[in-house]
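Inspection log for the structure reproduced underneath, given as structure tokens.
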Amino acid sequence: MLRDMWPALACVSMVAALLIHLGWRRRHRQAMTQLAEAQRMRQVLEERHRGETEREKARRQTIFDSMLEGVAIVDVSLRIEMANLAFRRFMNVTSDLEGRTLASGVESLDIARFAKQLQSVGMVVGMEIVLGDPPVRILQANGSRLSGDQGYLVVLHDMTRLKEMERTRRDFVANVSHELRTPLALIKGFVETLLDGAMTDPANCARFLQTISKHTDRLIYLIEDLLTLSRLESGRIALNRQPFELRDLVQEVFDDLKSVTAERTVRLENGLDPALQVFADRGRLQQVISNLVENAIKYGRAGGAVSVGAKALPLGGVEVWVEDDGMGIPVESRTRVFERFYRVDRARSREAGGTGLGLSIVKHIVQAHGGEVWVNSELEKGSTFRFTLPADNDTQ
Ligand code: ADP
């Protein structure tokens, strides 16, 4: 009986084996498809990740590059791994700094000192670094070790402007002290001489008192000029602009300066067209023209001439000039005369009662009106100070 069933059993087992084989083939195909799909997914994810890393890197660089501070990351041997735009600008290099050591990036003893301290101590705070020939750049450098011994972070702040402002302020204080001390010392000296007995001699007494009075005036002018300048510089003076005829104003200045003019026998010429109008703060403009005319008389030729002229500009506004036939101004001083306390001839300025602030005040007032001031000059021939005033509608 069992023997009779063999063929059937064999047949069933073959069919079963076939079915198992077919099932396995299907599962195998399925598994292969799933594997391929997984690989494709992995590839997509990897590409996306790479893209994101690149984008993230570019974003980080953009953020670094928009910082005002110079930032660099250096490895433990101080080789630059990343430097932002400001850092490269401070180092005065346009090419990539990556791969170069901190000290070889730029030739500077200060940088070498910074690098040495960073490596030995692991931290540098507020070290001053001076780079370049004049004009120099003054940097404040900070550096600290990154956690996990991954190198160092270097941050540079540009202090050039701040240092320049500090120097200007120091110079200004020194100049003011000097300007105050000189007349004060003279006044004290003459007062002491009078007290020591010179008072009994009427001739000497009058002479000494006149000198004291002259130096007291000098102190008063200096303090007035300092106050004006301080108000102009802090923008505390509001301009009251209005249209008026310039010729009348120039005539008023000439009248005010009659005594100085007579002293130096200078001829004053008002060459202005009576119809020419300007749009400005009358009081401040009077100060400008008065300073320029007084200088032209003081530094002009004794017995010479000083003339004031003006013309309307083709694009609106006016140009005004004050011309003398005096000693002129050397080329190297022509822009510097507008600086506070700058004098070409210190002794002559003092003798003439100058404070060294007149042209600085002129510049501030003209600029506050939106104009410009400059000087043309020829040695031993004379100088012409010129300034512009914008038209009414240009100042809105
Ligand atoms: P100061 O009180 O000394 O006159 P300013 O600021 O008015 O001060 O002028 C600065 C310097 O510019 C003067 O000391 C003088 O050396 C020079 N300067 C000004 N105006 C003239 C001029 N018209 N001719 C020659 N030098 C001038």
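One-based numbering, in listed order, for ligands and for the atoms of each. Quantities reported herein were computed from a predicted structural model and do not represent experimental measurements.
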Is the closest heavy atom of [X] to ligand 1 under 4.0 Å?
X      : value
Lys298 : yes
Asn291 : no
Ser383 : yes

Above 12 or not: heavy atoms from other molecules or residues under 6.0 Å from [atom1] of [X]?
X      : atom1 : answer
Glu372 : CD    : no
Tyr221 : OH    : no
Leu109 : CG    : no

Using a 4.0 Å cutoff against the non-hydrogen atoms of Val337, which atoms of ligand 1 qualify?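 Near Val337, meaning under 4.0 Å from one of its heavy atoms, ligand 1 has 10 (C), 12 (O), 17 (C).
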
What atoms of ligand 1 come closer than 4.0 angstrom to any heavy atom of Asp345?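 That gives atoms 16 (O) of ligand 1.
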
Distance to 0.1 Å, residue and atom name: give those for the protein heavy atom nearest to [atom].
atom                    : result
atom 8 (O) of ligand 1  : Gly356 CA, 3.2 Å
atom 7 (O) of ligand 1  : Asn295 ND2, 2.8 Å
atom 23 (N) of ligand 1 : Asp324 OD2, 2.9 Å
atom 16 (O) of ligand 1 : Val344 N, 2.9 Å
atom 11 (C) of ligand 1 : Tyr342 O, 3.6 Å
atom 6 (O) of ligand 1  : Leu359 N, 2.8 Å
atom 14 (O) of ligand 1 : Arg343 CG, 3.0 Å
atom 24 (N) of ligand 1 : Tyr299 CB, 3.4 Å

Could you tell me whether [X] and [Y] have a side-chain N and a carboxylate O separated by less than 4.0 Å?
X      : Y      : result
Arg167 : Glu164 : yes
Arg50  : Glu54  : no
Arg340 : Glu179 : no
Arg169 : Glu166 : no

For Tyr152 and Leu146, what are the C-alpha separation, side-chain angles and deciding distance, and is it a side chain to side chain contact (heavy atoms under 4.5 Å, CB included)? CA-CA 5 Å; Tyr152 305 91; Leu146 294 169; 5.6 Å; no

Pick from Ile329, Val306, Asp225: the one approaching atom 25 (C) of ligand 1 most closely through a non-hydrogen atom: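 Heavy atom nearest to atom 25 (C) of ligand 1 belongs to Ile329.
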
From the candidates Gly354, Ser349, Ala347, Ala352, the one that places a heavy atom nearest atom 3 (O) of ligand 1: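 Among Gly354, Ser349, Ala347, Ala352, the closest heavy atom to atom 3 (O) of ligand 1 belongs to Ser349.
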
Would you check the N or O atoms of [X], main chain and side chain alike, for any that come under 3.5 Å of an N or O of ligand 1?
X      : result
Thr355 : yes
Phe385 : no
Gly358 : yes

Between Gln287 and Arg284, do the side chains contain an N or O donor and an N or O acceptor separated by less than 3.5 Å?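 The criterion, which ignores hydrogens and geometry beyond distance, is satisfied for Arg284 and Gln287.
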
Do you see a donor-acceptor pair shorter than 3.5 Å between the side chains of Ser108 and Asp110?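 No donor-acceptor contact under 3.5 Å links the two side chains.
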
Determine the interplanar angle of the Phe338 and Phe385 rings, folded into 0 to 90°, and report it as parallel if under 30°, tilted if 30 to 60°, perpendicular if over 60°.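 Rings of Phe338 and Phe385: perpendicular, as their planes differ by over 60°.
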
